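Quick note on labels: first sequence line is chain A, next is B, and so on, each numbered from 1. Only a predicted model underlies this, so the values are computations on that prediction, with no experimental measurement involved.
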Number of protein chains: 2
Amino acid sequence: MLNADQTTELAELFRLLGEPNRLGIVASCLDGPLSVGEITTRLSLSQSLVSHHLRLLRAARLLKAGRRGKQIFYSIPDCHVREMLTNMVEHLIEPHELDDDINPETGVTP
Amino acid sequence: MLNADQTTELAELFRLLGEPNRLGIVASCLDGPLSVGEITTRLSLSQSLVSHHLRLLRAARLLKAGRRGKQIFYSIPDCHVREMLTNMVEHLIEPHELDDDINPETGVTP
DNA sequence: TGTTCCTATGAACACGTATTCATATGTCGC
DNA sequence: GCGACATATGAATACGTGTTCATAGGAACA
C-alpha cells in the first residue's frame, strides 16, 4: 500500500497541517497571496510566531514566498497542494455519516 | 474560508495522521479490516503502542472497531475517510511540479 | 546615510505526547 | 471453574515542539 518512506513523508505533511495556527495560515492563503503582515492580523497571531510557522511551511513546499516591495507574499505553490486542501475542507464540511457507536467500556461495537 | 472551530477540527484530524506509525496503521486498514495482531506484526510495533494509537484513531472516527471471535478488527469507518486518504496518497505519488527554489539566505525567491 | 517599516532568526521555556513496562480485562476452549 | 490467547489500560519517562521575547536583516524613502 505505502512503504515506510512514503508513509513518513506523507505523515510529515499531515503533521505540519496538524497545528491549528499553521493550518489557518495555509488555509488563508487559499484565497490568494498574502503578506506576512496580513496573515498576522487576520489570524491575530504574533509576527514572530507567524514567521516561524511560515519557515516550516516553506521548507515543506506547502507555501512559497515572493517579495514585492517591502513585503513578502506567501501563496500556495501548485495545484497539488491546493486540491489536497480543498478536498479535505470539502470532506470536513460534508455531513458525516452516522454509524454504530463504540462501547466506551470495551472499546468495541456491541 | 474556514472559521476557527473548523480549522481546529480539521487540524486535529491532520495531527492524528501526522504521526508515521498512526498513519501506517490507518493506511494498512485501507485494504480491509485488520486485527490488532495483524497490524502489530505488519508494522513491527509493540502491541501496547498499537493499542494506544488505535484508541486515538477510534475516538476520532478515523477507524472503527468490530469484534469477531477473540480478535478485534479495525477498518475504515466510511467512504469519506477512505476518499480523503486515497486522495492524499495519490497526490503524494504523482510527480511533483518543479518550481523556483527558495533562497536559503533570504528565504525568498530571487 | 539614517530612519522607518517589514520580516526573519535565535534562545529559552512550557507543554504535550509517543513510547515502554507492567498489569488488567475479556474471550474461547478444556 | 482454569488455562491460554488477544486486546486494553495506566503510570512513568524522554523527547519534540509551539510559543514568546529580544534582536537582527533588509528594503524603501527622506
Inset, instruction - Nearest-nucleotide wise, let me know which of A:N21 and A:Q47 is further upstream toward the 5' end of DNA chain D. - result: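 By nearest-heavy-atom nucleotide position, the 5'-most residue is A:N21.
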
Think [X] has a side-chain N or O under 4.0 angstrom from the OP1 or OP2 of [N]?
| X | N | value |
| --- | --- | --- |
| B:R22 | C:dA18 | yes |
| B:H52 | C:dT20 | no |
| B:R58 | D:dA8 | yes |
| A:Y74 | C:dA8 | yes |
| A:R15 | D:dT17 | yes |
| A:S46 | D:dT20 | yes |

Legend entry - NE2 on B:H53 to CG on B:L45, rounded to 0.5 Å: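 If I round to the nearest 0.5 Å, the distance is 7.0 Å.
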
Inset, instruction - Could you grab the distance from atom CG of A:L56 to atom CZ of A:R15, nearest 0.5 Å is fine? - result: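 Interatomic distance, A:L56 CG to A:R15 CZ, rounded to 0.5 Å: 7.5 Å.
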
To the nearest Å, how far apart are [X] [atom1] and [N] [atom2]?
| X | N | atom1 | atom2 | value |
| --- | --- | --- | --- | --- |
| A:L63 | C:dA8 | CG | P | 11 Å |
| A:L45 | C:dA8 | CG | P | 14 Å |
| A:L23 | D:dG18 | CG | C1' | 15 Å |
| A:R67 | C:dA8 | CZ | C1' | 10 Å |
| A:L54 | D:dT19 | CG | C1' | 15 Å |
| A:I39 | C:dA8 | CD1 | C1' | 14 Å |
| B:Q71 | C:dT25 | CD | P | 22 Å |
| B:L56 | D:dT9 | CG | C1' | 13 Å |

Legend entry - Residue pair A:C29 / A:I39: nearest heavy atoms and the distance that separates them: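 Scanning both residues, the minimum pair turns out to be SG-CD1, 4.1 Å.
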
What's the closest nucleotide to the side chain of [X] if the choices are [options]?
| X | options | value |
| --- | --- | --- |
| B:I72 | D:dA8, C:dT7, D:dT19 | D:dA8 |
| B:H53 | C:dT7, C:dA18, D:dT19 | C:dA18 |
| A:V36 | C:dA8, D:dA27, C:dT20 | C:dA8 |

Legend entry - Upstream residue (5' side of DNA chain C) when A:S48 and A:K70 are each assigned their closest nucleotide: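 Its nearest nucleotide lies further toward 5', so the answer is A:K70.
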
Legend entry - Transitive ILVMFWY side-chain link B:F73 to B:L57, under 4.5 Å: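 The answer is no; the residues belong to distinct hydrophobic clusters.
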
Inset, instruction - Could you list the residues that satisfy ring pair (Phe, Tyr, Trp, His ring centres under 6.0 Å) with B:F14, not counting sequence neighbours? - result: A:F14

